[in-house]
Colleague: 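Here it is, the structure, as C-alpha cells.
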Amino acid sequence: MLENCGGDNGDDERWSLHPDEASQTKFRQVSSIVCMPPPDQVLENVLEIVLCFLTSHRDRNAASLVCKSWFRAEAQTRQEVFIGNCYAVSPARAIDRFRGVRSLVLKGKPRFADFNLVPLGWGARFSPWVAGMSPAYPWLERICLKRMTVSDADLVLLARSFTSFRDLSLLSCDGFTTAGLAAVAENCRRLRSLDLIENDVEDDEDEVVDWVSRFPPGKTCLESLVFDCVGFAVNFGALEALVARSPRLWRLRVNDYISVGRLCRLMSLAPQLTHLGTGSFSTFEGEGDFRAILESAFMASKSLVCLSGFRNLAIDYLPIIYPACANLISLNLSYAQITADMLGPVITRCHNLQTFWVLDSVRDEGLQMVAATCKNLRELRVFPLDPTEDSEGSVSDIGLQAISEGCKHLESILYFCQSMTNAAVVAMSNNCRDLLVFRLCIMGRHRPDHLTGEPMDEGFGAIVQNCKKLTRLAVSGLLTDNAFSHIGKYGKSVRTLSVAFAGNSDLGLRYVLEGCPKLQKLEIRDSPFGDAGLLSGIHHYYNMRFLWMSSCKITLKGCKEVARRLPHMVVEVIRDRPEDDSGSFMEKVYMYRSLVGPRNDAPPFVKLL
Amino acid sequence: MERGRNLYTTDDTDQNLIKATELRLGLPGTDEQLDRPSRGCKRMMEATSEENDPTVETTSNEYRYQESPPSAKAQVVGWPPIRSYRKNNFQSRWSETKEAAAGAPGIYVKVSMDGAPYLRKIDINVYQSYEKLREALEDMFKCFSLGYSPGAGSGGRSNYAVAYEDKEGDWMLAGDVPWRMFISSCKRLRIMRGSEAKGLSSNS
C-alpha cells in the first residue's frame, strides 16, 4: 500500500515487506523449532510448527483461546505483536506473555488527534515500551509506531538495545528530531528500512543534525528510505553516497529539498528503484535545465511501480513521467495543484493504476478521465486544495458517479467535496460492490442532497446495504437518525465508523451500537447524542478498541455510569480549554477497554473515571 | 479593494452602526441567540455596503449556501478533517487563508479601535503577513474610515496605525519585527489615530 504500513483501513496490519521476505521468515521459524528435543513434547512442537503459519494477529488471538496448551504454544511462537491501543495493555504484561517477539506494531493517540482535537501532551509515549523491551527482546527486529510520541532518547535506546534491528516505521508520530534519526542511522548496522511518514519532526532550525552522514560506511542493507516529512535539507553528498552503496534499495522517498537535478543523480545511482518519492520535482535557483537527463532516467526505469512526491511540481516537468505511467500501480499527485488538462496525458497512460491520490483541482473532468482509463483502480483519494467549508466546490456528484461507472473494482475511497447527491452515492453502492472503505466528506456541515434537498440518508443507506464487505465508513452531510438506522440494520461488517455533525437524537447512536456487532472503532463529533445513546452500548464496549465522542451531549453522570458498570473500561474526560468546564456536557470523552486499569501518565487536563 | 475611501457618511449609516455594533466580544459562533455571522467582518461589509457605495465589492456571493438549521459557520477546530501535515504543506501556497493556519491553536487577541464602540477578537494566526492582517482589520472596521495603504508606515498618508501590546506590556507599532515574532508576542491590537501613533514609532 502507498503510505500505509499500518493499514489505514484497520484491517490486518501487514508489514510493508518485500514479497520474498515473508517466506524466508517462516522458514527460519520452522527450522529453529524442529531442532528442539524432548519426545514427550512432540505434540506441542507440532502445534508450534503449525502455528508458525498463522500470521494474522486475529487468527492467533483465536488460537490462543482454545486451551492452556495452545495459549502457551501460541505465546511462545508469536513473532509479531500488534497492539492497537497502547493503553489497553502495559509493556510489562505484553512482554510477560510474548517472549519471542521480533516485531511490534503499536498505536497510540485516537485518530482525531490528526485534526487537533487531542491536546498536546495527552500521552501515548513510546518511552515505557522501549524501556521494557530493551532488556526483554534483544532480538527485536521491527517496530512500527502510529500516533505515538517518540523522543530522541527513545530512539537512542532503541538503536543501542537491538543489535538485529532492521525496520523502523513511524507514522504520524512526534517528539523526535534529526538527532534521534542520527542515532538510528549510526547504530542500527543491519537497518533495512527507515520509513518516516507524515511525522512532525521537531528540530529548531539551527540544531538540525546531519543524520544521513551517520550511516555506516560500506555496503548497507538498506531497502527502504522514506523521509519526505523531514522538513530540513539533508546533506546531499552523503545521500548520494548512501544510495550508491545501497544496492538493495527499492524504495526511496525524498523530501522537498531535493530538486529535479538532484533527483536525476539519485535515480541514476539506483535504477533498481520500484518506489520513488520525487521530492519537489522542480528546479532550484541556478540549477540549469535537467529535463533531458530526467527524461532518460524515467525512460530507463522499467521497474518503477509507485510514484509520489511532486511537492512543488513545475508543470512543464510533468510530461517527463509519461514513459513510466504504463507500469505504475500507484500514483500520488495529492500535493500537486494540477488541472484536468495537465492530468489528462498522465492518467490516460496509467492503465494499470490501482492506487491514485489526487487534489480536487483536477475537477470532475479529471475524475472522468480517471474513470475512463483506470479500470483496475482499487483505491482513490481526492483531497481538497482548499479545505474550508465555503470554498468553491471543485469536485461533486458528477465525479463520484463517473468513478463508480468506470472503476468497478474500487475497494477504498476517500472523497472530499462541497456537495453531493444521494443518486451518485447510490450509484456507487450499486457499481462498486467490492467496497471495503467508503469515506465521503461533504465539507459543508449539514449539507443536504443539492438536487433534491433531502438528507443524505438514502445514499449512505445504500452503501451499507449493497456493499456487503464494507468495513470502514465515514459519513457527512445532512443526516437524520434514519441514516443510522440503515447502518445498524445493514452494516454487519462495519468495524470503523466516523460520524460528524449528524443525527437527531440518541436513537441514532443506539441504532449503531445495537446493530453493528463488528464495530470496533467509533469516533463521533458534534452530534446530538447523549447519555441514553451512550449507555445503549454497554453490552458491546468490551468488544471495541475505543469510543471517542466530542462536542456531543454526554454528561459526567453518563460517563460515570459507564465506568461503574464496566470496570475494565477506562473513561477519559479531556478538558483542555477553560470553556470546557462551564457546560454540563463533557467536551471530549475517550473510552477504551484496558487490562491494566487507568493509566498513570495522564496529564492534568485528563480526568480518568 | 480601494484604499482611502470613506464609507462613513452621516446619513443612514446609523443603521449600519447599530448592526455593526451587534458584534460583540468573544469568538464567533459562541452565542447562538443571534443569527451570528461566522466571518463577522464579511457580514458587516454586507450591512454597510448596501446601495450607498456601488464600488464596494459585495461579498454576499461568498455566502452562497445558507443552511436552515441555524448553525453558525464559525471556524471549527479540525473540520474538514485534513491532517495538519497536509495543511502545513499547502500553507505557503494558499493565496487566501481562511482557516486557522495548519490547524494550530488560534492566537486570539482583542482588537480595539479608537472611537469604535466595540471590541473584536481575531485569530492572528490565520494571517501570514502584516498586509493580510491590515486588510482584515480594514474589513472589520470599515465603517470607521480606516483607510490607509498597506505598508505605509508612520510616514505615509495613514489616518490610522496598528499598534500591539507585547508580552512585556509595551505598546509597539506593528510591522517592525518579523511576522512570526510578532504573532508569538502580540497580546492585543489597537488601531489608533496616526497622530497618537507617532509616539510609538521610535520604540526599538
Side-chain angles (χ1 to χ4, degrees), chain A residues 111-120 171-172 174 197-201 228-229 231 256 311-312 334-335 337 357 359 383-393 414 416-419 439 441-448 450 453 474 476 478 498 500-501 523 525-526 550-551 576-577 579, chain B residues 25-32 37-39 42-43 59-108 121 123 125-126 178 180-181:
Chain A
R111 197 180 72 98
F112 276 2
D114 289 348
F115 318 124
N116 298 293
L117 289 177
V118 177
L120 295 174
L171 290 88
S172 302
D174 63 341
I197 297 169
E198 297 194 2
N199 299 296
D200 198 359
V201 184
D228 39 12
C229 65
D256 55 1
R311 298 286 169 132
N312 280 304
S334 67
Y335 291 98
Q337 192 176 338
W357 291 20
L359 277 182
F383 292 97
L385 175 61
D386 182 3
T388 55
E389 283 187 78
D390 40 16
S391 63
E392 188 205 334
L414 170 62
F416 283 86
C417 58
Q418 283 295 351
S419 60
R439 298 158 70 191
C441 180
I442 303 170
M443 292 192 278
R445 290 169 283 156
H446 308 293
R447 226 163 253 189
H450 76 87
S476 61
L478 181 66
S498 303
F501 305 101
E523 44 189 30
R525 63 168 294 179
D526 294 274
S550 58
S551 306
D576 55 321
R577 304 172 307 172
E579 301 98 271
Chain B
L25 228 82
L27 301 175
T30 52
D31 186 341
E32 282 174 46
S38 60
R39 316 277 159 141
K42 291 196 171 107
R43 190 56 85 86
T59 53
S60 50
N61 59 352
E62 291 185 54
Y63 275 92
R64 239 171 294 133
Y65 181 81
Q66 293 286 335
E67 329 106 333
S68 30
S71 54
K73 279 206 214 162
Q75 290 180 13
V76 179
V77 175
W79 187 263
I82 300 284
R83 285 186 180 176
S84 315
Y85 175 76
R86 183 166 283 278
K87 277 188 184 172
N88 286 345
N89 269 279
F90 283 105
Q91 212 48 48
S92 54
R93 295 199 246 161
W94 287 342
S95 51
E96 195 189 346
T97 33
K98 290 179 185 174
E99 234 182 358
I107 304 174
Y108 290 99
K121 211 171 185 190
D123 176 4
N125 200 23
V126 170
R180 288 256 146 244
M181 204 184 295

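Naming: A, B, ... by sequence-line order, numbering from 1 per chain.
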Colleague: Report which part of S419(A) has an atom under 4.5 Å of a heavy atom belonging to chain B: side chain, backbone, both, or neither.
Modeller: neither
Colleague: Find the distance between CG (D174(A)) and OH (Y85(B)) and round it off to the nearest 0.5 Å.
Modeller: 14.5 Å
Colleague: Under 3.5 Å, side chain of W79(B) to main-chain N/O of M443(A), donor-acceptor pair present?
Modeller: yes
Colleague: If I compare all heavy atoms of S84(B) with all of N116(A), which pair ends up nearest, and what's the gap?
Modeller: OG-ND2, 3.4 Å
Colleague: Counting only heavy atoms closer than 4.5 Å, note whether L120(A) contacts chain B via side chain, backbone, both or neither.
Modeller: neither
Colleague: At what distance, to the nearest 0.5 angstrom, does CG of D114(A) lie from CZ of R86(B)?
Modeller: 12.0 Å
Colleague: Are P384(A) and P80(B) side-chain neighbours, meaning at least one heavy-atom pair lies under 4.5 Å?
Modeller: no
Colleague: Does any backbone or side-chain atom of F416(A) lie under 4.5 Å from a heavy atom of chain B? Answer side chain, backbone, both or neither.
Modeller: side chain
Colleague: Report yes or no: does R525(A) contribute a side-chain atom to a donor-acceptor pair with the main-chain N or O of G78(B) at less than 3.5 Å?
Modeller: yes
